[in-house]
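Have a look at the structure below, then the notes.
Lettering follows sequence order; numbering is per chain, from 1. Small disclaimer: the values here were computed from a predicted structure and weren't measured. No hydrogens, no waters, no symmetry mates; every other heavy atom, side chains included, goes into these values.
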Amino acid sequence: MKAYIEKISDYKDKEVEISGWLYNKRSSGKIHFLEIRDGTGFIQVVVVKGQVDEGIFELCDKISQESSVVIIGKVREEPRAPGGYELDLKSIQVIGQAEVYPLQKKEHGIDFLLSNRHLWLRSKTPWAIIRIRDEVIRSIIDFFHSKDFIKLDAPIFTPSACEGTTTLFEVPYFDQKVYLSQSGQLYGEAGCMAFNKIYTFGPTFRAEASKTRRHLTEFWQIEPEVAYAKLDDIMELAEQFVTYIVQRVLANRQKELKMLERDVTILEKIKVPFYRISYSEAIEMVKKQSVSGGEVPILQWGDDFGAPQETYIASQFDKPVFVHRYPTKCKAFYMKPDPENTEVVLCTDLLASEGYGEIIGGSQREENIQALEKKIEKEGLPKEAHEWYLDLRRYGSVPHSGFGLGLERLVTWICGLHHIRETIPFPRTIDRVSP
RNA sequence: UCCCCGAUAGCUCAAUCGGCAGAGCGGCUGGCUGUUAACCAGUAGGUUGUAGGUUCGAGUCCUACUCGGGGAGCCA
C-alpha cells in the first residue's frame, strides 16, 4: 500500500510503499539505518543482515546520499527511532543513484547554502520553514474568506509609483517604461469601492539598496482594504488576523516549530487584544528609558523611529503592539490626517514582539479630493498618473482603511529566525538573484 | 548609498614574528548488530579570489579590483 511519511502512524504494523530519497545513512556492519525523506516527512528504515536478501543488504551499503528510492517495509512503533516510528525493510529499488551530494550533515556557510538553495530546500530546517510558510498562506486565505472578503489580484506591471520612484524596478514595456508593483494598495482602494471588503495577495518588488536581515527585493504582501472602515476598525481586523494565523500554525505545525527549536510559549500568548500606544507615547517611552540610564538614543517629536527604538518599544511588550498616529511628515500622501490633530495621520504600525520589528503598516485613507490633490502636488507626484485614483474620491467617496502585511517578516517572527531570506523558497536580495 | 569584516582542499576552518600548506567532515578502501550530524583505521585530494607591488623569501605586509557576509539609513 502506498503511503506518505506524514501519515505513517495510520499504518502501524502494516506494510507500506514509500517513494522518496535517501536523506542520510548510518551503518554498523551488520545493520544499516537509512533515513528516508519523501517530502512529507522523515523516517528511519532498518536493514538487518540475515533478515533481508544478501543482495538487498549489499545494495543498501552502496546507495549514495539523496539517491531516489522506492522502499517497501513494515511500520513499527519504535521509541529509539527519531519520529517514534520506523520501517523494517522488505525491498528497495533505486530509481536514481545520486552523484556525490554537495550538502553535508555538517555546518555550511550561508554563501554556499544560498548558492545551493535548490538542494538546501531538501534539508530539515528549510523544509520546516517552508511548510510553516504554507500554513500561514492557507490561514490568510481562510481568514479573509471566512469574513467574506473578496481576493482582488492587483497588477504587477504598474504605470506609476505609489510612494515615489527611487525604490521601483523599471522594466521595458513595448514602447514605454513601466514598473514592477511595490504595493497593490491603490488598486485595493478601487476594489473596496466595488466589493466593499477585499484583500490583495501577491509578490511585490522594491529596489531598495538595503542589506539587512529584514529585506528582500521580492516579497509577498497581503493588503486588505475595507470601505467605510476607520483606523480603529482595521487595527481590530489586524489583531484578529495575526492571532488567527499564529494559532493555526500552533495547531497544525507543532512538529515543524519543534524542529526549529522555536519557543512556542511566546506564540501561545499571541491573542487579541494587542497593545495600542500612540507615536507620542512611544517617544515618551524612549525618553524615559534614556533618563533612567538606558542606551537607546532619544528622538525628538517628529523623527521617525530607527531600528534601536523600534526594538526597544517592542521589547517592552509580551504581545505585538500597535504604534498609531505618526507625524504627518513621516508618512505617505494617501494617509488621512487626524481631525483632532492634523500634525499626525491616522496610521498604525504593528511591531512584532521579541524585537522582530514592523510586520504591518496601515492607515485610514484620505477620502477628500481637495486634500489629496494638495498632497500629491506637495510631494511632487505625477498628477496624470493618479487621475484614476482621484476618481475614487470623485464618485461616491467614503472613509476607508487598510493595511499591508509582509508575509516573509511574519514568517521570520513566527519561526523565530535570524534572517528573512530563509522564509522564501528562492530569496531575491540586493546581490543575489540565483538560483 | 555609507561604515565594518572576510575570501586557504568539494565543505567548515587552522597555519605563532614574513620561513616545509594542515585538521575535521565529505570521497575512496577496510572494520563494527541500535545508529541518531554514528564511530574506528587507512588513503587520495592545493595555481591560498584576481592583478600588481615590497622582500633573499608572501597564505601572512602594501595597492587596486571582484565576490561574499554583517550593520546603518529606508521600508513590509
Side-chain angles (χ1 to χ4, degrees), chain A residues 23-35 42-52 57 61-62 64-66 76 78-84 86 88 98-116 119-120 123-125 162-164 166-168 182-185 203-223 238 297 303-310 330-332 349-352 356-362 403-413 418-421 423-424 429-432:
Chain A
Y23 187 68
N24 197 18
K25 184 174 64 186
R26 295 175 286 271
S27 174
S28 189
K30 297 193 174 62
I31 181 165
H32 298 306
F33 297 96
L34 311 179
E35 195 177 358
F42 299 79
I43 195 165
Q44 176 162 288
V45 176
V46 187
V47 193
V48 180
K49 193 168 187 165
Q51 292 179 17
V52 292
F57 190 84
D61 196 38
K62 293 201 176 74
S64 54
Q65 188 186 357
E66 283 303 324
R76 182 164 44 77
E78 172 58 71
R80 286 175 295 184
E86 66 183 20
D88 289 318
E99 293 177 26
V100 177
Y101 192 62
L103 269 59
Q104 299 177 16
K105 302 286 97 191
K106 294 270 180 176
E107 223 170 280
H108 289 293
I110 191 63
D111 182 38
F112 180 77
L113 288 173
L114 288 171
S115 297
N116 289 283
L119 302 176
W120 187 25
S123 302
K124 283 179 178 172
T125 300
C162 179
E163 303 170 36
T166 52
T167 63
L168 286 169
Q182 57 178 358
S183 166
Q185 185 201 311
T204 48
F205 308 86
R206 303 240 172 132
E208 289 161 1
S210 302
K211 278 184 69 166
T212 81
R213 68 182 72 167
R214 297 159 43 70
H215 286 88
L216 295 167
T217 55
E218 177 180 317
F219 64 100
W220 286 65
Q221 259 198 126
I222 299 93
E223 296 175 284
D303 295 335
D304 212 343
F305 296 121
Q309 291 85 18
E310 213 174 84
C330 298
K331 292 291 178 179
D349 284 355
L350 183 66
L351 308 183
Y356 277 91
E358 186 184 343
I359 52 173
I360 280 180
F403 64 82
L405 176 139
L407 175 66
E408 288 78 13
R409 283 194 181 172
L410 180 68
V411 176
T412 305
W413 169 59
H418 177 72
H419 204 296
I420 196 169
R421 65 188 159 212
T423 63
I424 187 164
T429 53
I430 182 162
D431 37 33
R432 191 181 292 274

For a quick check of understanding: with a heavy-atom distance under 4.0 Å over all strands, which category does F112(A) fall into, base, sugar-phosphate or nothing? sugar-phosphate
Produce a footprint string for nucleotides 41-48 of chain B: one letter per nucleotide, 5' end first; B if the base is under 4.0 Å from any protein heavy atom, S if only the sugar-phosphate is, - if neither. --------
Answer with yes or no whether E99(A) presents, from its side chain, a donor or acceptor under 3.5 Å of a partner atom in the base of G27(B). no
No-hydrogen, no-angle side-chain donor-acceptor test under 3.5 Å, Q44(A) and R26(A): yes
Does a side chain donor of either S183(A) or Q221(A) reach within less than 3.5 Å of an acceptor in the other side chain? no
Under the side-chain contact (heavy atoms from CB on, under 4.5 Å) test against I360(A), which residue among D349(A), L410(A), L350(A) passes? L350(A)
Set of side-chain hydrogen bond (donor to acceptor under 3.5 Å, both in side chains) partners for E408(A), sequence neighbours left out: R133(A)
Given G70(B), C75(B), G34(B), the nucleotide with the shortest approach to the side chain of K211(A): G70(B)
Given that V48(A) and H418(A) both sit by RNA chain B, which one's nearest nucleotide is further toward the 5' end? V48(A)
Writing each nucleotide of RNA chain B 5' to 3' as (, ), [, ], | or . by Watson-Crick or G-U pairing under 3.5 Å yields (((((((..((((.....[..)))).(((((.......))))).....(((((..]....))))))))))))....
Output the rounded distance in Å from NE2 (H108(A)) to P (G68(B)). 20 Å
OP1, OP2 of G69(B) versus side-chain N and O of R432(A): anything below 4.0 Å? yes
Ignoring hydrogens and angles, does a donor from either the side chain of Q104(A) or the base of U12(B) sit under 3.5 Å from an acceptor on the other? no
Name all residues meeting the salt bridge (Lys or Arg N to Asp or Glu O under 4.0 Å) criterion together with R432(A); count only those two or more places apart in sequence or in a different chain, and write none if there are none. D111(A)
If the condition is side-chain contact (heavy atoms from CB on, under 4.5 Å), which residues does Q51(A) pass it with, not counting sequence neighbours? V48(A)
Apply the syn/anti split at 90° from 0 to C17(B) and say which one it is. syn
Sequence neighbours excluded, the answer for side-chain contact (heavy atoms from CB on, under 4.5 Å) partners of A307(A) is none
